[in-house]
Amino acid sequence: MHKLQLWYRAPAGRWEEALPIGNGRMGAMVFGRFPEERLQLNEETLWSGGPYDPTHAEALEHLPEVRRLLLEGKYVQAEELANRYLMGRPLRMEMYQPLGDLWVRLEGEWPNTPTEYRRELDLETAVARQEVRIEGVQIVQEAFLSAPDDLLVYRIESSRPLDLTLALTSPHRFSVEATEGRLLLSGEVLRGITRFAALLEAVSEDGTVHGEGDRLRIRDARSVTLRLTAATSYRTPTYRERCAEILRAAPTDYQTLKRRHQEDHGRLFRRVRLSLEGEEQTSHLPSDERLRAVQEGEEDLGLVPLYFQYGRYLLIASSRPGTLPANLQGIWNDRTDPPWGSKWTLNINAEMNYWHAETTALPECHQAFLEFIASLVESGSRTAERHYGCRGWTVHHNTDLWRATTPCDGAGWGLWPMGAAWLCQHLWEHYAFSGDRSVLERYYPVMREAARFILDFLIEDETGCLVTCPSTSPENRFLTPEGERAGLCVSATMDRAIIEDLFGHCIQAAELLGRDQELVAEMQAVLPRLVPYRIGRFGQLQEWREDFEEAEPGHRHMSHLFGLHPGSSITPEGTPELAAAARRSLERRLEHGGGGTGWSRAWVVNFWARLHEGNAAWEHLLELFRRSTLPNFFDNHPPFQIDGNFGGAAGIAEMLLQSHAGEVHLLPALPDAWRTGVVEGLRARGGITMNLRWKEGRLLSAELQTARSGSVRLRHPRTVRVEAVLSGEEPVPFQCAGAERVHWEGAEGGSYLVRFCPVG
């Protein structure tokens with residue numbers, strides 16, 4: 001298999017061409033410029049603002065009137081009233097901030113154009129590298145962000161001695177102090193209370209290093225190693241001292257730092273391998289040239305494993321245990337006023353960031369999101385009580401570092417109290433993929449309280465159905481019978497799908513743990529009374545309780561299809577009529593220009609995969625490359641949002657393996673173009689890892705690996721021979737019913753391998 005690298009023949013001309021590195025807590029964008037390199041820096045807790053309580057004291061008083069107007073069909077009046085009284089105060093949330101920049105300048109006279117130039121990001125080693133040959137001088141620069149040592153490490157080596165100047169700057173209020181071998185940047189965020197520091201240390205084996213004003217000067221050096229870390233007052237008031245502690249605890253030797261970093265990254269990254277026949281044909285070309293060719297109509301199978309593994313790389317780099325989860329831009333942001341605040345947007349984007357965490361064997365990276373969800377309960381409980389008079393907890397379509405959970409921005413899209421219910425899907429999925437009971441012990445209380453909020457929030461409509469009110473289909477609007485545009489409604493279809501998902505998981509969890517039987521009975525009684533799925537006049541799955549005309553038929557959000565993906569209540573086998581209606585809804589969106597933004601197109605890939613339409617999924621994956629991918633392969637909403645990268649990686653995994661419908665489905669949406677290939681390490685629910693090989697579109701072999709006894713129902717192409725073994729020991733007892741259901745048993749903790757070989 002060829003190397004998994006992004007590589008280029010020229011430096012980054014703009015931020016969206018730079019290459020991202022990260023360790024979960026810190027991020028950097030490496031530009032590869034010559035003779036002055038720029039590394040733009042981020043630290044996850046550097047945000048505007050400070051702790052605040054945005055609940056609105058008058059919200060609960062006006063909720064009944066908003067509900068009355070909605071139930072009477074007075075949607076515009078209801079939205080006007082909700083904007084006045086039901087929103088959080090302040091209306092806007094806070095923003096993720098850049099920390100600053102590290103500048104490395106080679107002094108002296110240099111020609112404008114090097115004789116040779118190459119910059120690259122190696123996904124397997126997580127090292128950004130730049131090689132320059134100019135006037136007979138060979139210069140190599142490497143950068144990585146180490147998770148085990150919590151450092152940005154930068155190394156420059158030259159075939160002849162160099163003079164360098166190092167500087168740190170920030171877009172915030174800051175000062176820099178230079179001492180022998182170190183630069184200390186201290187600052188305070190604009191429009192906020194958070195203070196921060198970055199500490200840089202430079203070591204040269206053969207040159208000299210000294211401070212000069214607010215710079216470090218390095219003279220006559222063939223090699224220099226920089227170590228940089230950062231901290232903020234959000235985590236500790238002694239943030240400057242914390243920087244010094246990190247540097248003091250970390251190794252100083254470059255090779256040791258690099259080895260520790262690569263071992264740590266490789267432990268996660270190398271779990272999954274994907275290869276398609278023919279992928280090598282274009283690997284000798286720079287990545288931007290390959291992408292440009294695809295955007296001009298070519299196909300490049302090599303972009304599939306590259307984009308897939310880039311999505312895994314970015315999650316490893318932006319989400320680690322003990323850190324904050326990946327936000328709208330992962331961890332990389334260069335603006336003090338970033339698009340959409342670079343917050344956590346909870347009506348799909350933050351969830352999409354983690355769709356591939358379990359399937360592509362990165363459950364540790366999921367952990368940051370799970371803990372963040374649990375951290376929202378306290379604030380979400382205040383919002384539930386003060387805005388709705390409900391037990392439990394809720395959160396709306398955005399949150400920030402300070403854990404705001406109230407409706408924000410505007411009622412037509414912000415008054416969406418289903419965020420907690422959707423987020424709890426991730427808590428369940430983390431358990432479902434591992435089978436680890438301790439996960440349920442930890443997170444079931446969070447799920448239970450989200451369910452309690454829904455039980456209290458539901459009201460009865462004129463037909464006796466239980467409805468969510470107010471409701472909205474995220475960010476979409478409809479035309480009222482009078483032709484007015486409105487966003488607030490009664491029981492958007494997505495609400496029903498999310499509630500069914502949440503209650504189903506809570507019921508299973510409570511029964512597994514032997515808890516809350518009264519609550520289980522209450523949820524079971526509510527489910528049949530929810531507004532049912534409805535099929536509209538075009539054969540589509542209705543987006544709203546009424547068959548409204550869409551204000552934007554090609555809207556980027558497709559929230560009414562939640563039951564198809566990421567939910568599991570709509571499947572081609574289990575609910576064929578609803579699946580057909582969902583398919584028609586998807587077709588109508590696309591016919592009217594839907595899927596035009598990066599993350600929306602990525603969702604389309606997942607939809608087609610769940611419908612087992614491999615060629616359609618591949619077509620829209622190509623569209624993701626062609627219309628929504630930047631030169632550094634970042635997703636282009638536009639502008640940059642990272643959810644498209646993550647959603648695209650998840651979609652590729654869904655095309656190859658699915659396990660959401662009570663079975664493990666092998667190659668459920670394999671496109672004709674991916675005729676021959678291999679994937680190793682994909683995970684299925686139940687603690688299962690699968691390796692698959694196929695040739696000319698036909699499954700050659702499948703291996704199921706698991707560490708516990710179990711049973712699985714398989715859906716696959718004509719399997720005939722099944723073997724089950726306990727790795728390293730004698731074969732274990734197993735049963736195979738028609739080569740569809742396989743059961744194996746043995747000592748708990750064993751490693752089981754089940755092989756399948758197809759007919760013909």
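Note that the coordinates shown come from a computational prediction; the quantities given were computed from them, not determined experimentally.
- Residue W413 holds its CH2 atom at 9.5 Å from OG1 of T472, rounded to the nearest 0.5 Å.
- Taking the six-membered ring where the residue is Trp, W603 and W599 present tilted rings, their angle falling between 30° and 60°.
- Across all their heavy atoms, W355 and E351 have their closest contact at CD1-O, 3.2 Å.
- Shown here for E654 and N606, the closest heavy-atom pair between the two residues is CG-OD1, 3.5 Å.
- I459 pairs by the side-chain contact (heavy atoms from CB on, under 4.5 Å) definition with R67, L71, V467, C469, not counting sequence neighbours.
- The salt bridge (Lys or Arg N to Asp or Glu O under 4.0 Å) test with E44 singles out one residue from R320, R25, R235, and that residue is R235.
- Note: H426 and H366 have perpendicular aromatic rings, judged against thresholds of 30 and 60 degrees for the angle between ring planes.
- To the nearest 0.5 Å, atoms CE (M352) and NE2 (H565) are separated by 8.0 Å.
- Ring geometry for W344 against F372 counts as tilted: the plane angle lies between 30° and 60°, on a 0 to 90° scale.
- Other residues, nucleotides and ligands contribute over 12 non-hydrogen atoms within 6.0 Å of the CD atom of E462.
- Judged by distance alone, the side chains of S379 and R403 never bring a donor and an acceptor atom under 3.5 Å apart.
- Inspection of the E385 and T383 side chains reveals no N or O donor paired with an N or O acceptor under 3.5 Å.
- Residues passing the salt bridge (Lys or Arg N to Asp or Glu O under 4.0 Å) test with R601: none are found, sequence neighbours excluded.
- No donor-acceptor contact under 3.5 angstrom links the side chains of H555 and E475, judged on distance only.
- For D516, the salt bridge (Lys or Arg N to Asp or Glu O under 4.0 Å) partners are R448, not counting sequence neighbours.
- A side-chain donor-acceptor contact under 3.5 Å links E371 and Y443.
- Scanning all heavy atoms of the two residues, the minimum distance from F562 to A497 falls at CD2-CB, 3.7 Å.
- Across all their heavy atoms, F478 and L488 have their closest contact at CZ-O, 3.4 Å.
- Between T194 and S233, the side chains place no donor N or O within less than 3.5 Å of an acceptor N or O (distance only, hydrogens not considered).
- Heavy atoms only, all atoms of each residue included: L502 and C424 are closest at CD1-CB, 3.7 Å.
- For F453, the ring-ring contact (aromatic ring centres under 6.0 Å, His included) partners are Y388, F457, not counting sequence neighbours.
- Of the possible polar contacts, one joining the Y96 side chain to the I331 backbone as a donor-acceptor pair under 3.5 Å is found.
- In this structure, OG1 in T480 is found 12.0 Å from CD in E546, a value given to the nearest 0.5 Å.
- With sequence neighbours left out, the ring-ring contact (aromatic ring centres under 6.0 Å, His included) criterion links W340 to H637.
- Of the charged side-chain nitrogens involved, at least one lies within less than 4.0 Å of a carboxylate oxygen, so that R515 and E441 count as a salt-bridged pair.
- Checking T345 against N398 by side-chain atom types alone, a donor-acceptor pair falls below 3.5 Å.
- Between L268 and C365 the shortest heavy-atom distance is CD1-SG, 4.4 Å.
- Residue pairs that meet the side chain to side chain donor-acceptor pair (under 3.5 Å) test with at least one member in residues 322-338, sequence neighbours left out, are N327-S342.
- Of the residues H557, R534, R589, the one that meets the side-chain hydrogen bond (donor to acceptor under 3.5 Å, both in side chains) test with E543 is R589.
- Y52 contributes atom OH, which lies 13.0 Å from atom CZ of R89 (distance to the nearest 0.5 angstrom).
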